[in-house]
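To start, the structure itself, in structure tokens.
When a ligand or atom number is given, it counts from 1 through the structure's own listing order.
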Amino acid sequence: MKKYGLIGRKLGHSLSQELFEAQGFKDASYGLYEMESLDGLRQWVEQEHINGFNVTIPYKQKILPLLDAVDDTAAEIGAVNCVSVEGGRLVGHNTDAPAFQQTLEEWLLVSELPHTALILGTGGAARAVAYALKQLGVKYRYVSRYPELHKDAVSYDGLPLDELIINATPIGMYPDIDSTPLPLSAPCSPRPSLMVYDLIYNPSQTLLMRDAAACGAKVKNGLDMLRKQAEMSWDIWGL
Ligand code: NAP
């Protein structure tokens, strides 16, 4: 039996195990492993005989120094969401970036791809989104609570709300479903050129998405991206 799983601090929101089990892979299981820290990561891999695992909040960047190798995309992004265990070596990959890119291209017509975008957050997912936008030739800025700490970042004050906005923060995610990273004042002015891609998939309609849709914006949640990054992880693991 091959063993796979997801590591993160809190995993109550995750659908990764359900997605994996729905595939009916033979002789392969997938577990959710909540970890308070990454101390003991390697012992966990060895003792549990783990063959590969996904990584989520807040470890996508913190895991890098603990790996034996990272592929070129993950190294450039500086974040890893998929690890393969190859002869005891931990090898990091990033499937968030290509999964975001593909789902964005499926969602928007080429003519709808904006010239500029705002990425809310500066964590692992935000960096993967930035990498994908760069591949597509879309200029981006990060939006951060601490813009002074990050290159290419602005604060949440006075943002233009007429372009593509990607929520790469956990704000609005289960169980924090009444929060939004970007209060859109009600009643809002019509914003037909606003597009909101929320990477959150639980709940399927975040408060940010509901507010934006009420202003006439085009909105999308993170479920397609979750599926795509999972499929890409399964390929890496040879399933
Ligand atoms: P992360 O590394 O912890 O980063 C989250 C970022 O959000 C932080 O860098 C921070 O940026 C900002 N942030 C965190 N708490 C905040 C708060 N209370 N208020 C305002 N900003 C806050 O997390 P991540 O791994 O990048 O994941 C981010 C989100 O994307 C999660 O909801 C995750 O589930 C989702 N995601 C979905 C998919 C998918 O396949 N659909 C894939 C990856 C991630 P600043 O400190 O600069 O403000």
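With sequence neighbours left out, the salt bridge (charged side-chain N to carboxylate O under 4.0 Å, His left out) criterion links Lys2 to no other residue.
Not a single N or O atom of Ile171, backbone or side chain, sits closer than 3.5 Å to an N or O atom of ligand 1. Where the criterion is an N or O separation shorter than 3.5 Å, residue side chain and backbone included, Val143 fails it with respect to ligand 1. Residue-to-ligand polar distances place Arg145 within reach of ligand 1: an N/O pair is separated by less than 3.5 Å.
For Ala153, no heavy-atom contact with ligand 1 is shorter than 4.0 Å. Residue-level proximity to ligand 1 for Leu199 is carried by backbone and side chain together, each with a heavy atom below 4.0 angstrom. At a heavy-atom cutoff of 4.0 Å, ligand 1 is contacted by the side chain of Ile200 but not by its backbone. Using a 4.0 Å cut-off between heavy atoms, Tyr142 makes no contact with ligand 1 at all.
Ionic pairing of Glu34 and Arg9 is not present here: no N-O contact between side-chain nitrogen and carboxylate oxygen is shorter than 4.0 angstrom. Ionic pairing of Lys10 and Glu36 is not present here: no N-O contact between side-chain nitrogen and carboxylate oxygen is shorter than 4.0 angstrom.
If you chain together ILVMFWY residues whose side-chain heavy atoms come under 4.5 Å of each other, Leu11 ends up grouped with Tyr4, Leu6, Leu15, Leu19, Phe20, Phe25, Tyr30, Leu32, Tyr201, Leu223, Leu226, Trp234, Ile236, Trp237, Leu239.
In this structure a side-chain-to-backbone donor-acceptor pair under 3.5 Å is missing from Asn81 to Val55. Side chain of Arg127 to main chain of Ile77: a donor-acceptor pair is present (N/O by atom type, distance under 3.5 Å, no hydrogens or angles).
In terms of protein heavy-atom proximity, atom 4 (O) of ligand 1 is nearest to Gly123 CA, 3.4 Å. The nearest heavy-atom contact from the protein to atom 2 (O) of ligand 1 is Gly124 N, 3.2 Å. Among all non-hydrogen protein atoms, the one lying nearest atom 34 (O) of ligand 1 is Met173 SD, 3.6 Å. Annotation: atom 28 (C) of ligand 1 to nearest protein heavy atom, Ala168 O, 3.2 Å. With hydrogens left out, the protein atom closest to atom 26 (O) of ligand 1 is Ala125 N, 2.7 Å, a heavy atom.
Looking at Leu182 and Val143, their side chains never come closer than 4.5 Å, going by heavy atoms from C-beta outward. Counting only heavy atoms from C-beta outward, the side chains of Glu105 and Leu136 approach each other to under 4.5 Å.
The heavy atom nearest to atom 43 (C) of ligand 1, considering only Met225, Lys60, Gln229, is found in Lys60. Here the shortest heavy-atom distance to atom 33 (C) of ligand 1, taken over Thr122, Leu223, Ile57, belongs to Ile57.
Interface atoms of ligand 1 facing Gly222, defined by a heavy-atom separation under 4.0 Å, are 39 (C), 41 (N). The atoms of ligand 1 that sit less than 4.0 Å from any heavy atom of Ser144 are 45 (P), 47 (O), 48 (O). Ligand 1 places these atoms under 4.0 Å from at least one heavy atom of His150: 47 (O). Ligand-side atoms of ligand 1 in range of Leu226: 39 (C), 40 (O), 41 (N), range being under 4.0 angstrom from any heavy atom. Taking every heavy atom of Tyr146 and a limit of under 4.0 angstrom, the matching atoms of ligand 1 come to 46 (O).
Between Phe100 and Tyr197, the distance separating the two ring centers is shorter than 6.0 angstrom.
By the criterion of side-chain heavy atoms lying less than 4.5 angstrom apart, applied directly or through intervening Ile, Leu, Val, Met, Phe, Trp or Tyr residues, Val138 is not grouped with Leu161; the two fall into different hydrophobic clusters.
Side-chain contact of His93 with Thr73: a donor-acceptor pair under 3.5 Å is absent, judged by distance alone.
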Task: Pair Ser204-Asn221, side-chain hydrogen bond (donor to acceptor under 3.5 Å, both in side chains): steps then yes or no - done: CA-CA 6 Å; Ser204 58; Asn221 71 20; 4.8 Å; no
